[in-house]
J.: 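Please find one structure pasted underneath; my questions will follow.
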Amino acid sequence: MDIKRVAINAVTETIVMTVVHMDYKGQVAKRINEKMPLAQVKGFRKGAVPKDLVEKQYGKAIKIEEVKKVIDLALERYIQSERLNLLGTPLAKEEENRDWSAEELTFEFEIGLVPNFELDLEAKNDIVKYIVTADDKLIDGQVARIQKQFGKAISQEVVAEGCDLTGIFSSEANGINNPTTIALDTFKDKATQDLFIGKKVGDVVTVNTKGLFEDDHQLMDYLKVGHDNVHDLAVDVDFTIEAINASEPAELNQELFDKLFGEGNVATLEELKAKIKEDAEAQFAQQADQKLLADVQNFLIDNTKFDLPAEFLKKWLQTVGEKKLSPAEAEVEYARSEKGLRFQLIEGKAMAQSNIQITFEDLKTFTTNAIKQQMAQFGQTNPSDEEVQGIVARVLSNQEEVKRLSDQVVAAKLLELFKEKANPTTKEVTYEEFIAASYGE
């Protein structure tokens, strides 16, 4: 067999494979001999059919099967021996009128190659690493929410300032139908809040989603709008009032502190505020890390130039998956996934350059810490090692969970690498300033 590669461009090639009679004749002859005792041809007893008739009836189909086996195995071995780093899988060039009687057959496979490129993690950039602090306004607001949450709900006949509303956001045209409870002052504008003042149970108030909340992402919580739509959504929705409640604030006493943080851990208002600040800033640090990772990703994608085998990948996308895509659908899918593919290649390059590897111990440690955090959220602040490791073992026996957690471990290691190499500018901000920087508001 003769195999050669022909370059189409820097990232797309054709593998040309020429199969000769010697590559398949032995196996074809073996299959013919195996077929003879079983062959049935009119006019002959089973097993007594002449060999030339067996070859005539079954020979072409057997030859096609055996040639394809030879081709598939040779192609796999060739890719491995040449250490070809492919995107997608080889695409066979279809030849409708192939002459299978020829002793020499030629097959072509188009392949897309992972591009070679340079990655400079230390390139000059304007990336900011935010240190998000919990200011007095946020802390006092959280204290007030705690008092309201654990306070006594008092049913009201009409809506007044400070009330909580239970009801349903709905818009048939936009597929919105979500029951929720919302504090009146959650609405961003006073004008919107005033629409509800004086309303009763059963009344319907229509509001527009544009600018309805301080953070558009709150649409995900209260209206169950998908993340991809929250920033541009500007539609009218109805809120049907089902219940109106005022709240008598809970007293800030030891009973409440123990309920929130465990017995004896918090004893004064000052300690409560310190605990709120600590917990909030730990959460903000995670959000700031997520933004930093996203900003570095975008910077690297925009500033690391390389070509992808775009036309090959669009053709390949038409052949994979349960539902075959049309050329137009493949074009859309490629445009949707191109950025992710680019960062996947950059990510792999960064890990290789910095010799980052993910071990099972890394995965186990990450999973253990994640489970402990989850248990703490549900009040289990001091679980036994045996209990935790039992949960870890169950989680890591699920391949989907292993994949998800492995991706998180990779992201965590890359984040530390980017912090070191990208050398971002550090900036201390309040949470409101961080939200404005994150979402341009």
Side-chain angles (χ1 to χ4, degrees), residues 117-142 188 210-211 213-221 226-233 273-274 276-306 336-356 358 366 369-370 373 407-441:
F117 59 93
E118 298 297 322
L119 179 61
D120 184 4
L121 295 175
E122 301 180 45
K124 184 178 179 181
N125 61 71
D126 56 0
I127 298 170
V128 176
K129 180 182 183 298
Y130 290 98
I131 307 297
V132 187
T133 61
D135 59 6
D136 291 342
K137 179 183 176 182
L138 184 145
I139 294 171
D140 290 341
Q142 184 61 26
K188 179 179 178 180
K210 186 66 175 176
F213 305 116
E214 286 286 347
D215 179 1
D216 285 341
H217 288 76
Q218 290 174 276
L219 292 170
M220 297 168 62
D221 298 322
H227 181 267
D228 292 342
N229 300 322
V230 295
H231 295 295
D232 300 317
L233 192 66
K273 289 185 175 182
I276 290 172
K277 181 178 177 66
E278 176 187 350
D279 291 347
E281 290 182 352
Q283 181 181 349
F284 297 161
Q286 293 179 0
Q287 294 181 39
D289 279 347
Q290 291 170 2
K291 176 170 172 54
L292 174 62
L293 184 60
D295 288 346
V296 172
Q297 288 176 354
N298 290 330
F299 174 81
L300 291 175
I301 290 170
D302 292 341
N303 290 275
T304 306
K305 304 300 181 184
F306 54 83
R336 186 191 67 79
S337 58
E338 180 185 2
K339 186 174 181 179
L341 174 58
R342 286 185 177 277
F343 186 71
Q344 185 179 346
L345 296 174
I346 291 170
E347 180 181 81
K349 187 85 166 184
M351 293 182 69
Q353 281 186 187
S354 303
N355 197 28
I356 294 176
I358 306 301
F366 182 88
N369 292 333
Q373 289 177 2
D407 289 344
Q408 292 181 16
V409 175
V410 169
K413 284 184 175 280
L414 285 174
L415 179 62
E416 292 307 310
L417 175 66
F418 294 157
K419 285 179 179 178
E420 175 190 348
K421 299 291 187 181
N423 194 27
T425 302
T426 299
K427 184 177 182 180
E428 187 172 302
V429 295
T430 65
Y431 186 65
E432 285 186 355
E433 291 168 336
F434 175 71
I435 291 297
S438 300
Y439 306 117
E441 297 178 355

J.: With the side chain counted from C-beta on, respond yes when Leu417 and Lys413 share a heavy-atom pair under 4.5 Å apart, and no when they do not.
T.: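 Sidechains of Lys413 and Leu417: no contact.
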J.: Taking all non-hydrogen atoms of both residues into account, name the closest pair between Ala422 and Asn125 and its distance.
T.: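 What the structure gives for the nearest pair is O-ND2, 3.1 Å.
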J.: Begin with the C-alpha distance, continue with both residues' side-chain angles, and end with the deciding distance and a verdict on salt bridge (Lys or Arg N to Asp or Glu O under 4.0 Å) for Lys419 and Glu416.
T.: CA-CA 5 Å; Lys419 285 179 179 178; Glu416 292 307 310; 3.6 Å; yes
J.: Can you tell if the side chain of Val410 reaches within under 4.5 Å of the side chain of Ile358, non-hydrogen atoms only?
T.: yes
J.: Could you tell me which residues satisfy side-chain hydrogen bond (donor to acceptor under 3.5 Å, both in side chains) with Lys277, sequence neighbours excluded, listed by chain and number?
T.: Glu281
J.: Using a 3.5 Å distance criterion without hydrogens, assess whether the side chain of Asp120 forms a donor-acceptor pair with backbone atoms of Glu118.
T.: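 It does not hold such a pair.
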J.: Check whether Arg342 reaches the backbone of Asp302 with its side chain - one donor and one acceptor, N or O, closer than 3.5 Å.
T.: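 Side chain of Arg342 to backbone of Asp302: no pair is present.
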J.: Do you know which two heavy atoms are closest between Gly211 and Asp216, and how far apart they sit?
T.: N-OD1, 4.3 Å
J.: Under the ring pair (Phe, Tyr, Trp, His ring centres under 6.0 Å) rule, collect the residues that match up with Tyr431, sequence neighbours excluded.
T.: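 Phe284.
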J.: Test of understanding: with side-chain hydrogen bond (donor to acceptor under 3.5 Å, both in side chains), list the residues that count as partners of Gln297, not counting sequence neighbours.
T.: none
J.: Roughly how far, to the nearest 0.5 Å, is the NZ atom of Lys188 from the CD atom of Glu214?
T.: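 Taking CD in Glu214 and NZ in Lys188, the distance rounds to 5.5 Å.
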J.: Should the pair Phe418 and Phe343 be assigned to parallel (<30°), tilted (30 to 60°) or perpendicular (>60°) ring geometry?
T.: perpendicular
J.: Between atom CD1 of Ile435 and atom CD of Gln287, what is the distance when rounded to the nearest 0.5 Å?
T.: 6.0 Å
J.: Checking Asp295 side chain against Val128 main chain: does a donor-acceptor pair fall under 3.5 Å?
T.: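 Answer holds: no.
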J.: Which distance, rounded to the nearest 0.5 Å, do you find between the CD of Gln408 and the CG of Leu415?
T.: 12.5 Å
J.: Partners of Asn423 by side-chain contact (heavy atoms from CB on, under 4.5 Å), sequence neighbours excluded?
T.: none
J.: Say you draw a straight line from CZ of Phe306 to CG of Leu345; how long is it, rounded to the nearest 0.5 Å?
T.: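 It comes to 5.0 Å.
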J.: In Å, rounded to the nearest 0.5 Å, how long is the span from NZ of Lys210 to CG of Leu233?
T.: 9.0 Å
J.: Could you state the interatomic distance from CD1 (Ile127) to CG (Leu292), rounded to the nearest 0.5 Å?
T.: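 Reported value, rounded in 0.5 Å steps: 7.0 Å.
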J.: Sequence neighbours excluded and cut-off under 3.5 Å, please list the side-chain donor-acceptor pairs for residues 130-138, or say none.
T.:
residue, atom, partner, partner atom, Å
Thr133, OG1, Val429, O, 3.3
Asp135, OD1, Leu138, N, 3.0
Lys137, NZ, Glu432, OE2, 3.0

J.: Identify, with sequence neighbours excluded, every residue that meets side-chain contact (heavy atoms from CB on, under 4.5 Å) alongside Gln353.
T.: Leu119, Lys349
J.: Quick one: does Leu121's side chain get under 4.5 Å of Leu300's, heavy atoms only?
T.: yes
